[in-house]
Amino acid sequence: GRSHQEFAAKVKSGHPGLRPHCDPPGQRLCTEGGLVKISYRIFIGFAIILTAGFYFITAWLLNDVNVQPKKSMEESLVDIAHILSAYLEQNMKGRSLVTEPLQDILDIVGQRTFLATIYELNKREVNLGVYVTDNRGIVVFDSHGGQWEGQDFSQKRDVFRTLHGLYGARTSRLVPGNPLSSVAYVGAPIYYRGDIIGVCTVSKAWTNINAFVESSQQKILWAAVILFFVALLLTFFISHWITLHIRRLADYADAVKEG
């Protein structure tokens with residue numbers, strides 16, 4: 001009759017009190033496909049964070065392992081430079097620099113043969129350079145066969161700063177554009193009655209240090225790659241574990257809903 005027609009009209013118009021239940025019996029809260037998507041998204045999210053973290057940490061370690069040995073070597077060069085400058089002060093004639101005794105010592109050291117096994121490095125000779133300038137920055141002694149003697153080094157950072165009472169050091173490349181040809185120079189003042197009358201600079205190539213750095217960097221890279229894949233595998237299991245608990249929670253909710 002009329003009441004039946006009114007009921008049908010309300011159902012057709014979507015009357016709030018007569019809408020179908022949003023979760024009809026038999027419909028699960030989480031399907032297997034939905035759980036797979038959740039697990040995949042959790043894994044991808046963790047993997048992105050893990051990759052970014054490993055990248056920045058590894059980059060920092062590689063840079064740090066490149067710098068630390070050079071800091072240590074520079075600190076040793078400072079000691080040697082001051083020892084040699086003090087030695088030159090003991091052999092001066094008035095305000096005149098006398099470099100012959102220093103040349104004799106370096107000649108003797110240069111003729112020595114030895115084998116020093118330092119981790120991966122087999123060291124067989126002393127590879128230390130020395131040059132001395134006067135108070136104008138003119139080279140008066142050079143251990144490399146005198147090739148720089150007479151040249152004006154007053155604008156070199158190690159000489160310029162040392163002559164002005166500051167710490168003078170620099171790094172220069174023997175071959176432009178090739179960082180492996182870098183040489184470190186550290187200067188120390190030569191005093192006469194409180195005045196700086198010259199500079200003694202010692203130099204050492206980065207060659208041996210670079211060998212240590214490359215070896216350490218390779219070890220860090222291999223360790224980082226192995227740890228990354230281990231962490232990635234753990235991430236997979238964690239995402240699976242989280243998804244498993246979500247599935248159990250959904251099953252419990254379904255059981256409660258169905259009574």
Side-chain angles (χ1 to χ4, degrees), residues 62-110 123 125-214:
L62 291 177
N63 179 70
D64 191 62
V65 80
N66 180 53
V67 173
Q68 292 302 327
K70 295 177 181 180
K71 289 182 180 179
S72 178
M73 191 181 86
E74 183 174 339
E75 193 266 343
S76 298
L77 290 179
V78 171
D79 293 342
I80 297 171
H82 279 275
I83 291 171
L84 293 182
S85 67
Y87 177 76
L88 288 168
E89 291 170 5
Q90 297 300 313
N91 288 278
M92 292 179 60
K93 293 182 179 179
R95 294 180 63 91
S96 300
L97 292 168
V98 178
T99 60
E100 286 78 8
L102 178 60
Q103 179 66 69
D104 293 339
I105 291 175
L106 293 176
D107 287 342
I108 294 172
V109 172
K123 185 175 178 62
E125 61 182 1
V126 175
N127 53 347
L128 189 74
V130 182
Y131 63 76
V132 179
T133 73
D134 59 19
N135 60 351
R136 299 172 300 160
I138 305 300
V139 180
V140 296
F141 170 78
D142 171 33
S143 64
H144 297 94
Q147 59 180 347
W148 289 337
E149 291 180 6
Q151 295 188 29
D152 185 358
F153 276 21
S154 60
Q155 297 306 307
K156 301 290 186 182
R157 194 172 185 272
D158 56 305
V159 176
F160 179 83
R161 289 178 59 85
T162 303
L163 286 175
H164 287 80
L166 304 172
Y167 172 60
R170 65 184 171 96
T171 299
S172 302
R173 296 176 179 177
L174 298 179
V175 180
N178 182 7
L180 297 179
S181 66
S182 297
V183 179
Y185 299 86
V186 175
I190 303 171
Y191 290 100
Y192 178 76
R193 294 183 178 178
D195 296 328
I196 298 176
I197 63 164
V199 176
C200 176
T201 291
V202 295
S203 62
K204 190 173 182 63
W206 290 130
T207 307
N208 293 337
I209 292 295
N210 287 333
F212 289 126
V213 168
E214 289 176 3

Notebook entry, point to check: When T133 is tested against each of V199, I190, T201 for side chain to side chain contact (heavy atoms under 4.5 Å, CB included), which residue passes?
Noted result: V199
Item checked: Approximate separation, where rounding is to 0.5 Å, of Y191 OH and I196 CD1 -> 4.5 Å
Check: Do the side chains of P189 and H82 get nearer than 4.5 Å, heavy atoms only?
Finding: yes
Next item on the list: Answer yes or no: is there a donor N or O on one side and an acceptor on the other, between the side chain of S72 and the main chain of P69, under 3.5 Å?
Entry: no
Check: Between CD1 of I197 and CG of L88, what distance do you get to the nearest 0.5 Å?
Finding: 9.0 Å
Next item on the list: Please assess R95 against D195 for the test side-chain contact (heavy atoms from CB on, under 4.5 Å), listing each intermediate value before the final yes or no.
Entry: CA-CA 10 Å; R95 294 180 63 91; D195 296 328; 3.9 Å; yes
Margin query: If we ignore hydrogens and angles and just use 3.5 Å, is the side chain of R161 paired with the main-chain N or O of Y167 as donor and acceptor?
Written below: yes
Margin query: Working to the nearest 0.5 angstrom, can you tell me the gap between K204 NZ and S182 OG?
Written below: 14.5 Å
Margin query: Nearest 0.5 Å, please: how far is CG in L106 from OG in S143?
Written below: 6.0 Å
Check: Between R170 and Y185, is NZ or CZ placed under 6.0 angstrom from the six-membered ring centre and within 45° of the ring axis?
Finding: yes
Next item on the list: Would you name the heavy atoms of F160 and H164 that are closest together and state the gap between them?
Entry: O-ND1, 2.7 Å
Margin query: Counting C-beta onward and ignoring hydrogens, is there a side-chain heavy-atom pair between L77 and L128 closer than 4.5 Å?
Written below: yes
Notebook entry, point to check: Are V132 and L102 close enough, and set up right, to give a side-chain contact (heavy atoms from CB on, under 4.5 Å), and what steps lead you there?
Noted result: CA-CA 10 Å; V132 179; L102 178 60; 4.2 Å; yes
Note to self: Any heavy-atom pair between the side chains of N91 and P101 that's under 4.5 Å?
What the structure shows: yes
Note to self: Any side-chain to backbone donor/acceptor pair from E149 onto G145? Under 3.5 Å, distance only.
What the structure shows: no
Check: About how many Å separate CD of E74 and CG of D79, when rounded to the nearest 0.5 Å?
Finding: 11.5 Å
Next item on the list: Verify side-chain contact (heavy atoms from CB on, under 4.5 Å) between I83 and Y87, making sure each step is shown before the conclusion.
Entry: CA-CA 6 Å; I83 291 171; Y87 177 76; 5.7 Å; no
Check: Nearest heavy-atom pair of L163 and G137: which atoms, and what distance?
Finding: CD1-N, 4.0 Å
Next item on the list: Please report the shortest heavy-atom distance between R136 and S154, naming the atom on each side.
Entry: O-CB, 3.3 Å
Next item on the list: Enter the distance from L174:CG to W206:CH2 here, rounded to the nearest 0.5 Å.
Entry: 12.5 Å
Checklist line | Donor-acceptor pair, side chain of D142 and main chain of Q147, under 3.5 angstrom | finding: yes
Note to self: Please determine whether side-chain contact (heavy atoms from CB on, under 4.5 Å) holds for the pair Y192 and E89, giving the CA-CA distance in whole Å, both sets of side-chain angles, and the decisive distance to 0.1 Å.
What the structure shows: CA-CA 7 Å; Y192 178 76; E89 291 170 5; over 6 Å; no
Note to self: How close do G187 and A81 get, counting heavy atoms only, and between which atoms?
What the structure shows: C-CB, 4.4 Å
Check: Is a side-chain N or O of K123 found less than 3.5 angstrom from the main chain of E125, in a donor-acceptor match?
Finding: yes
Note to self: For a side chain to side chain donor-acceptor pair (under 3.5 Å) check, start with the C-alpha distance between D158 and Y131, then their side-chain angles and the critical distance, and finish with the verdict.
What the structure shows: CA-CA 11 Å; D158 56 305; Y131 63 76; 2.5 Å; yes
Next item on the list: Determine the minimum heavy-atom distance between G129 and H144, stating which atoms define it.
Entry: CA-CE1, 3.6 Å
